[in-house]
Trainee: 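Dumping the structure here so I can ask a few things about it.
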2 protein chains.
Amino acid sequence: MTTPQLTKNQSLVFDVLEKAEGPLSAYTILDKLRDHGFRAPLQVYRALEKLLEYGVVHRLESINSFVACAHPGDNCHSHGIVAFAICESCGQVMEFHDHEVDHRLMGWVRGQKFKPEKTTIEIRGLCEACAA
Amino acid sequence: MTTPQLTKNQSLVFDVLEKAEGPLSAYTILDKLRDHGFRAPLQVYRALEKLLEYGVVHRLESINSFVACAHPGDNCHSHGIVAFAICESCGQVMEFHDHEVDHRLMGWVRGQKFKPEKTTIEIRGLCEACAA
DNA sequence: GCAATTGATGTAATAACATAACATCTGCAA
DNA sequence: TTGCAGATGTTATGTTATTACATCAATTGC
Ligand SMILES: [Zn+2]
Ligand SMILES: [Zn+2]
Ligand SMILES: [Zn+2]
Ligand SMILES: [Zn+2]
């Protein structure tokens, strides 16, 4: 997915996520953008929908939050499953992918004749700093 | 985790999930149990909390729903990560685990000195019947 | 120029998911 | 019998996400 020029609202939402230390909920983003004219959740959700489509933002299903992609300008997401390690203490998110994991999971679903559309891998725990 | 005798509410919730074709939301469970005296979401959420703790029910993060474990009486969950394939058309859920996937993911997090607590792997797509 | 179309935006209302706070009950142990 | 712990009942509230409808702006074809 090539990323077209972002609209005003998309840019505002993306900038908030890029500057954030960790993942943010849609309503947190809304609050941060009230000074810029945002009034309703839909302004955030609509921007996020596009940013997800362009692959520059990820949704973390297990914490109902959104994070800017850690691999800007990289097209690696189109080749495999992205996995996340999420620190439950400080919110830091690490993003990675592993072709062997992809291979095992996709091999299993193929054996079941299951047609995968979207795969979520999220590891919650404590980052090095917080586990100390 | 050994499963103690279930309480009345826990049994009701578990029975609903066991008889269901697929995953159910907490509020769907609530509606199915109104005839049995359930009135409030908390009655469901409290029962689910225990059932999750006992490992007899799983939460599907990506669809905010709950499903009875497909491996009754099995303790395999204590040895690894459980993965789910969820049909977005009919709701059917397949549950499996793969030690190689566990190994790769845990190897990666160990390299990052990240301490994992709970891992989610969910594949949404179409089952064989629905993809046809 | 000027409709027609398309995509983006604004706004209000509502739906769906989850928890906080507090009271009560029940079984069991000191 | 009293105290405690766990389960339950109830109300209210908090959090996340979508529906419905109106408006606006840029583009296209005439
Ligand atoms: Zn990414
Ligand atoms: Zn941390
Ligand atoms: Zn299971
Ligand atoms: Zn299906």
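All values reported here derive from a predicted model rather than from experimental measurement. The basis for the numbers below is simple: all heavy atoms, side chains too, and nothing from hydrogens, waters or symmetry mates.
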Trainee: Of A:K50 and A:A40, whose closest DNA chain C nucleotide lies nearer the 5' terminus?
Mentor: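 Its nearest nucleotide being more 5', the pick is A:K50.
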Trainee: For residues 18-32 of chain B, pull every pair meeting side chain to side chain donor-acceptor pair (under 3.5 Å), keeping only residues two or more places apart or in separate chains.
Mentor: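 Qualifying pairs: B:S25-B:T28, B:D31-B:R34.
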Trainee: Within this structure, what is the CD-CD distance for the pair A:Q10 and A:E49, rounded to the nearest 0.5 Å?
Mentor: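 Between A:Q10 CD and A:E49 CD, I get 10.0 Å after rounding to 0.5 Å.
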Trainee: Hydrophobic cluster membership, with links at side-chain heavy-atom distances under 4.5 Å among I/L/V/M/F/W/Y: are B:Y54 and B:V67 in one?
Mentor: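 Per the 4.5 Å side-chain linkage, B:Y54 and B:V67 are not co-clustered.
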Trainee: Treating primed atoms plus P, OP1 and OP2 as sugar-phosphate and everything else as base, which nucleotides of nucleotides 13-28 of chain D get B, S or - for protein heavy atoms under 4.0 Å?
Mentor: ---BBBBB--------
Trainee: Any side-chain heavy-atom pair from B:T119 and B:D102 closer than 4.5 angstrom?
Mentor: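 No - every pair of side-chain heavy atoms lies 4.5 Å or more apart.
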Trainee: Which nucleotide span of DNA chain C, 5' end to 3' end, has atoms closer than 4.0 Å to non-hydrogen atoms of chain A?
Mentor: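 The contact span of chain A on DNA chain C goes from C:dA8 to C:dT11.
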Trainee: Would you kindly give the CG-to-P distance between B:L6 and D:dT8, to the nearest whole Å?
Mentor: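 Roughly 10 Å, once rounded to whole Å.
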Trainee: Donor-acceptor pairs under 3.5 Å, side chain of residues 40-47 of chain A to any protein atom, not counting sequence neighbours: which ones?
Mentor:
from  : atom 1 : to    : atom 2 : distance (Å)
A:Q43 : OE1    : A:R39 : N      : 2.6
A:Q43 : OE1    : A:A40 : N      : 2.9

Trainee: Go through the steps for A:F66 and A:L52 under the test side-chain contact (heavy atoms from CB on, under 4.5 Å), then give the verdict.
Mentor: CA-CA 9 Å; A:F66 303 85; A:L52 290 167; 4.1 Å; yes
Trainee: In a table with atom names and distances, give each donor-acceptor pair under 3.5 Å that connects a side chain of residues 120-132 of chain B to protein atoms at least two apart or in another chain.
Mentor:
from   : atom 1 : to     : atom 2 : distance (Å)
B:T120 : OG1    : A:R124 : NH1    : 2.7
B:E122 : OE1    : B:E61  : N      : 3.4
B:E122 : OE1    : B:S62  : N      : 2.8
B:E122 : OE1    : B:S62  : OG     : 2.5
B:E122 : OE2    : B:E61  : N      : 2.7
B:R124 : NH1    : A:T120 : OG1    : 2.7
B:R124 : NH2    : A:E61  : OE2    : 3.1

Trainee: If the condition is side chain to side chain donor-acceptor pair (under 3.5 Å), which residues does A:S11 pass it with, not counting sequence neighbours?
Mentor: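 With neighbours one apart ignored, the set is empty.
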Trainee: How close or far is atom C1' of D:dT8 from atom CG of B:L12, stated in whole angstroms?
Mentor: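 Value for this atom pair: 12 Å.
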